[in-house]
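Only one structure is covered here, and it is reproduced in the block below.
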Amino acid sequence: MLDVKQISTHKDAFIKALKKRNFNAEDLFEKLLKLDEERRQTQKQLDDTLAESNQLSKEIGALFKQGKADEANAIKEKTGALKENSKQLNHKMESLLTELQDLLYTIPNVPHELVPAGQTEDDNQEIYSKGDIPKLSHKSLPHWELAKKYDLIDFELGNKITGAGFPVFKGKGAKLQRALITYFLDKNTDAGYQEVQVPLLVNEASGYGTGQLPDKEGQMYHVTGDNLYLIPTAEVPITNIFRGNMLNESELPIQLTGYTACFRREAGSYGAHVRGLNRLHQFDKVELVNLTTPEQSYQMLDDMVEHVKDILDELKLPYRILRLCGGDLGFTSALTYDFEVFSTAQDRWLEISSVSNFETFQANRLKIRYKSANQKKQLVHTLNGSSLALPRVIAGILENYQTDEGIKIPEVLVPYTGFEWIK
RNA sequence: GGAGAAAUGGCAGAGUGGUCGAAUGCGGCAGUCUUGAAAACUGUUGAGGGUCACACCUCCGGGGGUUCGAAUCCCUCUUUCUCCGCCA
């Protein structure tokens, strides 16, 4: 959520930047600023009315104390009108505030200057790529065939137990996934992140805090009996740890990492490109969440990119990094880098990590602030990224490491899996 | 799930209808003293809105109500604690 004050001071710059998203903010901003002006005037009227009744109440109290009940009762007569007046002003304030908020909720974050203009994912900027795409023999298979051949993942069994998109990992497949989780967490904690284990169900307030609600309600599984939501990403519970907090600058940056299962309804996305592990309703992910100062957040973003790069380098997977264009940029993000690993057998890139700086967009909604050295209070910048989304890493490993003898385990993982080959 | 008790500032803890945004203690900050520190003493110290700055308004778990006036009374929700039941 953008800040009205920011909008009013940087109106033209924001309008221009939002155009990169193909978002026309001009009329909206006009309306918004007008509403805000009205809000302030109404607030003033309300305050004055309340001040007057407070004053009268005090007088009544004093008069009763002096035993002048008649005079007190005379003043009481006057309070009725004031009460009615403040009631109406209160209603007006309420509707103005919801109108303002509803309007603010529809405005996406202002893209950073590095964000290229563009409409679709084809306009994303490739800024880095590494790793040769292995020449696989004609016998090479897509990961869902490999998973079946070596009995690593059973998609049908998941159908039976739950439904499509809930695979069962078995044997070395399960072990490989567990090894990856531990490896990622170790890498992250070595880099200074604190590991956390968080709830997989969140309440409504948390959903609103990180922006999944109200817009993406249909993407989350809703446990109606208790009005809780299954998390679509660890970002939700981890960022909400700090909802409403006033932090000290000395506590920043806060760097947390957590492993969770993630649940997404993915309504309406079916077809060949969601085969196998490409898109699931339940999947595992290790997430990075950072809270930092505005001065340091872009350095932090670069650090996160380097960190994820390091992991992919160690896994020796062919990957590329994209800077998302305005049209592809997520609603809440100011600047996002996507990491994609090449799926050799499918001959396509798979997104395995997305690293974003949200600047104050989330912090404003969540009211996460910090007190700087000079006691000034301001919103923190929040950033997050995946390290990494497990199923697609597994898809990448299975496909890129397949040989005629079996699937070779990336060297760095062997201490975690305890085996070198899947045969 | 049943019965009871409670929720107040960073923490502890007073406050049961008006002068309470809230005693007191601890903690924090600033100062005195000291070569420096500790101790002691003095002062200061919640958040949000609003204003050039004041004024002023709102907030005592959330929401609603009674009243001229609510931290204080009533309703409701949530959470915590104790006891019982159930359970990994």
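Keep in mind the model is a prediction, meaning the values are calculated, not measured. Letters A, B, ... are given to chains in the order of the sequence lines, protein chains preceding strands, and every chain is numbered from 1.
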Parallel, tilted or perpendicular: rings of Tyr298(A) and His112(A) (30°, 60°): tilted
When you compare the side chain of [Y] with that of [X], does any pair of heavy atoms fall below 4.5 Å?
X	Y	answer
Thr239(A)	Leu366(A)	yes
Leu18(A)	Pro111(A)	yes
Val380(A)	Thr360(A)	no
Lys148(A)	Phe155(A)	no

Of residues 68-79 of chain A, the positions that come close to RNA chain B - non-hydrogen atoms, cut-off under 4.0 Å: Lys76(A), Thr79(A)
Using atom [atom1] of each nucleotide, how far apart are [N] and [M] to the nearest Å?
N	M	atom1	value
U72(B)	G85(B)	P	37 Å
A88(B)	U79(B)	C1'	24 Å
A70(B)	U8(B)	C1'	14 Å

Nearest-0.5 Å distance, CG of residue Leu89(A) to OG1 of residue Thr42(A): 7.0 Å
Separation of Leu388(A) CG from Ile311(A) CD1 (nearest 0.5 Å): 5.5 Å
Touch class at under 4.0 angstrom, heavy-atom based, for Lys5(A) against every strand present: sugar-phosphate
Interatomic distance, [X] [atom1] vs [N] [atom2] [rounded to whole Å]:
X	N	atom1	atom2	value
Glu37(A)	G50(B)	CD	P	11 Å
Asn90(A)	G49(B)	CG	P	18 Å
Ile60(A)	G18(B)	CD1	C1'	10 Å
Asp3(A)	G49(B)	CG	C1'	13 Å
Leu96(A)	G49(B)	CG	P	18 Å
Asn227(A)	U78(B)	CG	C1'	13 Å

Can you tell whether the side chains of [X] and [Y] come within less than 4.0 Å, N to carboxylate O?
X	Y	answer
Glu37(A)	Lys34(A)	no
Glu30(A)	Lys11(A)	yes
Asp190(A)	Lys187(A)	no

Can you pull every protein N or O that's under 3.5 Å from an N or O on nucleotides 53-58 of chain B?
from: C57(B); atom 1: OP1; to: Asn54(A); atom 2: ND2; distance (Å): 3.0
from: C57(B); atom 1: O2'; to: Asp47(A); atom 2: OD1; distance (Å): 2.9

Distances under 3.5 Å between nitrogen or oxygen atoms of protein and nucleotides 45-47 of chain B:
from: A47(B); atom 1: OP1; to: Lys377(A); atom 2: NZ; distance (Å): 3.2

Polar side-chain atom of Ser387(A) near backbone of Val308(A) as donor-acceptor pair, under 3.5 Å: no
